[in-house]
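To find a chain, count down the sequence lines: A is the first, B the second, and so on, and within it residues start at 1. Just so it is clear, the values below take in all heavy atoms, side chains as well, and ignore hydrogens, waters and symmetry mates.
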Amino acid sequence: MSTNAIQTNTKWWNGGRSPFNVSYGKVMMWYFLMSDAFTFGAFLISYGTIRFSVNNWADPNHVFNAFPFAGHANLPLAFVSLMTFILIFSSVTMVLAVHEGHKMNRKGVEKYMVLTILGGLAFLGCQAWEWTHLITGDHAVLVNGQIEHWGTTVSKNPWGHEVMHEGAMVATPGPIAFGGYFFGITGFHGFHVFSGVIINVVMLIKTRLGHFDQRGHYEMIEKAGLYWHFVDLVWVFVFLCFYLI
Amino acid sequence: MKEFLMIALGVLVFVVIFQIAKASEYVSVLKGEAKTRKQNNKINAFFLLGFLVFGLIGVWYCNELYYGKTLFPQGSASVEGEEIDRMLLITIAITGFVFVITQALLFWFSFKYQEQDNRKALYFAHSNKLELIWTIVPAITMMVLVVFGLKAWFKITGDAPKDSIVVEVTGHQFAWEFRYPGADKVLGKKNYKLTTAKNNLGVDFDDPASHDDIHVNTTMHIPVGVPVKMVIHSQDVIHDVGLPHFRLKMDAVPGIPTTQWFTPKITTADMKKKTGNPDFTYEISCDQLCGANHFAMRGVIIVETMEEYKKWLAEQTSEYSTLFPAKVPTQNVADSAKLVTQVLPQKK
Amino acid sequence: MSSVATVHHEDVHGSHDSHHEHHHHETFISKYIFSQDHKMIAKQFLVTGIIWAIIGGLFSVIFRLQLGYPEATFPWLEDLLGHWAAGGKLKPEFYYALVTMHGTILVFFVLTAGLSGTFANFLIPLQVGARDMASPMLNMLSYWFFFLSSIIMFSSLFVQTGPASGGWTIYPPLSALGEASSGAKIGMDLWLVSMAMFIVSALLGGLNYITTILNMRTKGMSMTRLPLTVWALFFTAVLGVLSFPVLLSGAILLLFDRNLGTSFFLSDIVVAGKILPNEGGSAILFQHLFWFLGHPEVYIILLPAMGMSSEIISINSRKPIFGYMAMVGSIFAIAILAFLVWAHHMFVTGLNPFLGSVFVLLTLLIAVPSAIKVFNWLTTLWKANIRFTPGMLFAIGFVSLFISGGLTGIFLGNSALDLHLHDTYFVVAHFHIVMGVASMFGMFAGVYHWFPKMFGRFMNNTLAYIHFWVTLIGAYLIFWPMHYQGLAGMPRRYYDFSGWSSFNMFNGLNEFISFVAMIVFAAQFLFVYNFFYSMYKGRKVTDLNPWGANTLEWTTPLNPGHGNWPGEIPEVYRGAYDYAKDGKEFIPQTTPVGDDESKGH
Amino acid sequence: MSEHAVSSPEITFSPEHASGTKKIWKTFWILSIITIAELGIGLAIYNIHKGPDPSAALVLFFKGMVCILTLAKAYYIVSIFMHLGDEIRNMIMTIVVPLLLFVWFITAFLWDGNAWKNLRNTDGGSRTAPTEQVQQHAPAAVDNHEKK
């Protein structure tokens with residue numbers, strides 16, 4: 001972990017002070033995020049491993065091609081781009097809130113926290129829509145010579161190969177693991193977003209109550225910010241693994 | 001009643017020890033702390049040396065008692081296993097040497113440098129030379145072991161020779177089943193969804209390759225001197241094809257076929273003579289915990305001469321002909337009927 | 001435990017947090033139950049650990065009864081276990097449940113929580129010179145999550161279908177399918193939930209330990225002046241923080257497979273005549289996830305014992321630990337390698353041979369830092385002036401066991417040999433010696449050594465010596481012959497060997513091992529009795545620094561309250577191992593370096 | 001209790017990174033552009049698959065591109081938004097070095113995953129694998145983006 005820790009006698013390491021010039025709370029937050037990165041890492045790597053172990057996988061451009069109120073238009077990746085931008089934007093507002101915190105500007109912090117929370121809620125809303133769309137979807141699947149109608153669930157995957165059946169192209173069942181990993185990982189990420197929103201709401205309330213002004217610094221906002229950016233960071237990788245490749 | 005006596009005895013022993021311990025504190029107060037401590041120090045240092053001496057004698061004695069019961073005196077029953085036995089001997093030699101030296105130093109130093117009034121500990125905090133020595137020497141030793149080990153590993157886990165006999169091994173709670181590919185030397189495809197009480201391996205009989213496949217339970221026959229390749233399946237949980245006499249094992253994993261191959265070199269009959277045990281059999285032990293009857297998941301391997309093996313194989317009828325006698329033009333129906341009873345899963 | 005000084009925790013963290021002011025009175029609840037004092041939390045971990053150790057040890061005695069006396073019946077077992085031992089004979093299902101619980105309890109609850117929970121909490125703030133952990137609140141929660149986890153695991157012992165019985169490694173599909181074994185029903189869910197709580201506890205603790213060591217060191221306590229105990233606990237915490245989350249992932253996926261119909265670890269399964277729809281998962285994937293934790297876990301267990309043994313050996317040899325930097329470096333190397341070698345537990349799962357060979361190489365590399373440590377310990381003893389306190393004896397025992405168990409690791413890490421030895425009694429002997437008994441020895445050493453600091457009283461020496469000798473001799477008698485069973489290919493986790501012509505020649509030995517195991521288990525009550533008796537009636541500590549040690553914990557008052565030092569935290573001027581230097585027996589870390597002093601390391 | 005002036009070993013710290021919002025917005029635009037580039041590549045892959053003769057190498061190349069772009073995004077988020085770039089070097093190293101474990105973590109897992117595929121396709125080496133042909137030219141060229 002700390003190759004550098006072994007270096008002697010740099011002034012930072014002599015004790016009596018933080019070697020990183022960072023408060024214990026932030027150090028702890030960073031290492032917590034690192035351990036959480038291993039949780040997500042393990043999920044995503046498991047997903048990758050399973051994908052490597054099967055011959056076919058569902059094509060994201062086919063699975064994720066819908067958009068709210070757009071009917072059956074084929075809009076691959078459009079909705080997930082929207083979600084990505086929402087999250088990036090809420091990250092920006094979060095970092096601006098932290099920035100206002102440094103300046104001890106309570107009003108500014110409040111403003112940007114509200115925007116961040118709204119961004120988080122919007123993202124959650126999008127995810128809820130996407131899940132609903134996938135689960136309630138209705139896709140013709142050829143099972144044992146019979147056409148069945150499936151949505152995408154943890155035990156059903158209608159996105160397999162297409163074969164010719166009675167003069168039309170019909171999908172066959174795809175690898176079941178797809179649904180499990182998709183809902184499992186996006187769900188776990190959504191859970192992080194949700195808890196991030198809760199944390200941000202608490203921070204907003206504490207800001208309004210003037211707790212941080214009394215304390216003389218807005219470090220709590222910074223810590224909440226770290227968590228929130230981490231959520232954004234994870235989404236970057238979820239976006240890569242599920243939607244792009 | 002016996003239990004109560006035992007418990008009473010145990011409690012009595014404890015009470016005695018506690019009393020002695022308590023008394024020892026009073027004694028030490030009377031004698032003076034320092035003196036008691038010195039005494040204890042001497043006793044324990046002496047004990048440590050005694051532990052070394054008796055320990056090494058014990059190691060030797062244990063070897064005398066149990067070496068004969070390990071698998072080494074009888075030798076490896078497979079050609080590949082010889083490699084493993086050789087590796088094992090090299091490793092035992094190296095680690096044994098290190099073991100004796102380090103343990104001897106540990107206890108000898110403890111005894112030799114026990115606290116004495118006239119001794120002063122040496123201030124000796126570090127020496128890069130020494131550190132370097134005991135970094136490099138173990139590193140080189142390890143590399144030697146790695147090189148030999150991997151050579152054996154790649155040989156054993158490499159592709160089976162082309163002329164191997166293929167046997168499919170399937171584990172399920174709590175028994176082993178075997179399938180031989182028959183005259184076409186190709187195993188018929190399987191699909192676990194086709195599993196029924198009769199077709200309990202889920203063989204896809206639409207695949208013509210399956211029509212001459214032979215299915216037997218529990219006992220596997222293989223010829224001596226020819227490489228045998230096992231294709232290993234599991235139907236429910238993870239099992240493990242453990243072949244202690246051949247020095248091999250490989251997990252049976254549901255959904256992922258695994259494989260291992262070996263060349264048996266001693267027939268069961270020869271092994272009976274060699275070990276002087278008329279009941280000797282090669283056994284397949286399940287080495288991966290697989291449920292309540294894990295300990296009873298036993299398979300048997302009979303290694304026989306090529307002639308015996310061929311004779312045995314010729315006596316078997318294909319699973320297809322037993323299950324679908326109507327579809328097979330002319331077959332010895334009586335024979336097949338006999339086999340059906342065997343094919344059905346034997347519930348343990 | 002009168003509190004000489006009470007500092008409340010805002011003070012502990014420095015100025016930026018000290019704006020709210022609320023004084024709390026120390027009630028029984030706040031002092032003993034929901035205490036935020038690291039020393040009290042350490043004692044809570046220790047006592048809980050001892051209770052679990054008794055339970056876990058008892059389980060091993062019960063299943064050893066079955067192994068040692070497969071023909072006999074024990075009517076009292078039926079009184080104890082009810083229908084699981086109908087007629088006084090253990091049922092195989094419950095035998096496996098006991099084996100599983102024994103492993104789980106000892107590995108996680110005793111040797112992780114009980115060992116690093118106790119000593120990281122107790123020693124880190126005291127040895128680095130901090131008033132408490134970085135976050136006493138989270139530290140308290142860490143214990144209570146552990147407690148919750150304990151309660152859940154304990155309750156799983158009493159469910160109708162029995163506790164988890166798939167081995168402590170809970171490999172699916174056996175642990176995923178209720179149809180496959182009775183232990184894979186509700187007992188398994190409770191196991192997973194309990195483990196999730198445990199992971200939360202380990203993370204809260206681990207983050208605190210890391211942060212405290214990095215951020216809260218007193219003035220002058222540079223990283224290279226830290227006692228080796230703290231270094232070891234530091235890397236232990238790093239291992240825990242980075243590897244436990246991976247087990248959490250595995251546990252969550254397994255819970256989903258069990259309850260939500262996903263197919264992460266399941267594929268192509270026919271169980272109890274039922275064809276399951278799951279396809280495409282991989283049972284081996286779970287093993288990868290499990291061992292990514294599982295292997296660092298063995299070092300989580302071992303490193304604290306190494307650190308404490310180093311410390312105790314140095315103090316009682318009255319000699320500096322040899323090669324301090326090499327010791328730190330080897331701990332570091334072990335910690336890194338621990339993350340890279342997990343699949344050496346999986347050589348026979350059909351692992352790609354070439355991938356396996358990389359794991360062989362990395363695994364055997366661990367022998368190098370281990371060898372460095374052993375030789376450094378030996379050199380520390382050379383030309384020393386050794387006092388055999390009980391702590392010292394256990395530390396020496398630790399080194400002996402570490403050598404014995406470590407060397408057999410060279411067999412198992414070599415994949416070719418693992419083909420023969422995997423899952424045999426050789427493995428059982430190996431890991432019990434090297435991480436089971438050796439770590440227990442480290443723990444005993446720590447308890448005997450720091451008991452005066454914890455409770456202001458000494459433990460009884462005579463009892464301690466008897467305890468040591470019975471345990472050391474017993475441990476070797478139990479586990480040494482098991483190597484021979486392993487070399488005979490005898491598989492572990494067998495309920496009964498009588499049906500096997502290949503393995504039934506060791507019945508006499510099994511009986512002997514079981515007999516010794518019972519004696520050793522009984523001898524542990526000497527320790528338990530000694531521990532609780534001495535807490536109240538032991539000889540009182542009169543000297544603040546009874547062992548003549550250099551480290552900071554011995555500069556605190558006898559029963560320091562929350563805050564550790566009544567006045568200023570002492571400043572540190574030197575490393576922790578200046579023994580026998582310049583003709584002085586020992587020079588505490590708080591002594592400034594004199595002008596005439598020779599240069600140490 | 002008040003007599004001990006608490007000299008907590010931890011000093012207060014002075015955050016220096018309140019430099020202005022310009023950098024933040026710049027990062028926002030960088031992230032947006034990268035995301036759009038990623039989408040472009042995603043659609044390119046889609047169109048390759050739709051085409052008559054999907055080139056596996058080209059798809060693989062594009063996939064490698066998105067991975068690199070994603071890492072770039074991650075770098076900007078961590079370095080600018082999370083202010084890690086402003087911390088002192090030791091701190092950065094303690095975060096980054098453990099993450100290097102992921103390299104072996106990913107390699108080993110995916111390697112073994114791929115090995116399982118081979119075992120499954122060949123039934124433990126007892127059959128020849130289904131030809132690449134079958135996998136590459138699945139009807140309608142839908143889900144055949146084989147990673148290998």
Side-chain angles (χ1 to χ4, degrees), chain B residues 3 21 24 41 44 62 66 69-71 84 87-88 91 95 99 102 105-106 109-110 113-115 119 121-123 125-126 131 134-135 138-139 142 145-146 149-150 152-153 157 192-193 195 235-238 244 247-251 253-255 258 279 281 283 285 287 289 291-292 295-296, chain C residues 76 92-93 167 173-174 180-181 267-271 275 283 318-320 323 326 348-350 353 357 361 364 367-368 371 375 378 381-388 403 407 410-411 414-417 419-420 423 460 462-463 481 484 487-489 491 493-496 501-502 505 580-581 601:
Chain B
E3 274 88 15
S24 74
N41 229 47
N44 278 301
C62 185
Y66 297 119
K69 292 187 177 184
T70 66
L71 290 168
I84 290 175
M87 266 307 294
L88 207 52
T91 317
T95 54
F99 173 80
T102 46
L105 287 180
L106 176 69
F109 284 169
S110 302
Y113 301 110
Q114 57 178 295
E115 184 177 47
R119 197 205 317 277
L122 176 75
Y123 181 78
H126 66 105
E131 299 289 353
W134 53 62
T135 309
M142 284 308 124
L145 287 177
V146 166
L150 288 186
W153 165 251
T157 57
Y192 82 105
K193 288 196 169 157
T195 309
Q235 289 188 304
D236 35 41
V237 303
I238 300 178
R247 312 284 192 266
L248 287 172
K249 57 177 59 88
M250 182 54 71
D251 279 0
V253 184
T258 55
D279 301 323
T281 42
E283 286 173 311
S285 56
D287 283 355
L289 180 54
F295 67 96
Chain C
W76 55 272
E93 289 89 344
L174 183 61
S181 84
S267 184
D268 300 19
I269 289 170
V270 183
V271 64
I275 298 171
R318 313 310 293 151
K319 239 190 108 186
V348 300
T349 58
S357 70
L361 182 69
L364 290 200
V368 177
F375 286 116
L378 291 180
L381 292 176
W382 180 66
K383 292 206 169 178
N385 197 20
I386 305 168
R387 299 182 316 209
F388 295 106
I403 295 170
L407 287 172
I410 294 172
F411 292 69
N414 211 333
S415 52
L417 297 183
L419 285 175
H420 179 45
D423 263 342
N460 182 298
T462 312
L463 283 179
Y484 288 87
L487 289 172
R493 292 171 172 169
Y494 267 28
Y495 166 79
D496 187 357
S501 67
S502 311
M505 63 288 203
K581 196 183 180 195
H601 57 278

What part of C:Asn460 gets closer than 4.5 Å to chain B, counting heavy atoms only: side chain, backbone, both or neither? both

Residue part contacting chain B, namely of C:Trp76, when any heavy atom lies under 4.5 Å: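 Contact with chain B involves the side chain of C:Trp76 alone.
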
Determine the interplanar angle of the B:Trp134 and C:Phe375 rings, folded into 0 to 90°, and report it as parallel if under 30°, tilted if 30 to 60°, perpendicular if over 60°.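 Ring orientation, 0 to 90° scale: parallel.
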
Option that, when pairs with chain B are counted at under 4.5 Å, heavy atom only, ranks first among [options]:
{"options": "C:Ala416, C:Ala283, C:Ala326", "answer": "C:Ala416"}
{"options": "C:Ser181, C:Gly167, C:Gly350", "answer": "C:Gly350"}
{"options": "C:Gly323, C:Ala580, C:Ser415, C:Ser267", "answer": "C:Ser415"}
{"options": "C:Val368, C:Ile403, C:Leu407, C:Thr462", "answer": "C:Leu407"}
{"options": "C:Pro92, C:Gly489, C:Ala371, C:Pro353", "answer": "C:Pro353"}
{"options": "C:Asp496, C:Leu487, C:Leu361", "answer": "C:Leu487"}

With chain C, which of [options] has the greatest number of heavy-atom pairs at distances under 4.5 Å?
{"options": "B:Thr157, B:Ile84, B:Leu105, B:Leu289", "answer": "B:Leu289"}
{"options": "B:Ile238, B:Asp251, B:Leu248", "answer": "B:Asp251"}
{"options": "B:Ala121, B:Ser24, B:Gly291, B:Gly255", "answer": "B:Ala121"}
{"options": "B:Cys62, B:Ala152, B:Pro138", "answer": "B:Cys62"}

Search all heavy atoms of [X] against all heavy atoms of [Y] and return the closest pair with its distance.
{"X": "B:Thr70", "Y": "C:Tyr484", "value": "CG2-O, 3.6 Å"}
{"X": "B:Leu71", "Y": "C:His420", "value": "CD1-CE1, 3.8 Å"}
{"X": "B:Lys69", "Y": "C:Met505", "value": "NZ-O, 3.0 Å"}

Identify, with sequence neighbours excluded, every residue that meets salt bridge (charged side-chain N to carboxylate O under 4.0 Å, His left out) alongside B:Lys249. B:Asp287

Does any backbone or side-chain atom of B:Thr258 lie under 4.5 Å from a heavy atom of chain C? Answer side chain, backbone, both or neither.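 For B:Thr258, the side chain is the part near chain C, not the backbone.
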
Less than 4.5 Å to any heavy atom of chain C: does that hold for the side chain of B:Val253, its backbone, both, or neither? side chain

Nearest 0.5 Å, please: how far is CG in B:Asn44 from CD1 in C:Ile386? 11.5 Å

To the nearest 0.5 Å, what is the distance between CG on C:Asn385 and CD on B:Glu115? 5.0 Å

Residues in ring pair (Phe, Tyr, Trp, His ring centres under 6.0 Å) contact with C:Phe388, at least two apart in sequence or another chain: none

Do B:Phe295 and C:Tyr494 have ring centres separated by under 6.0 Å?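 No, they do not, as the ring centres are separated by 6.0 Å or more.
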
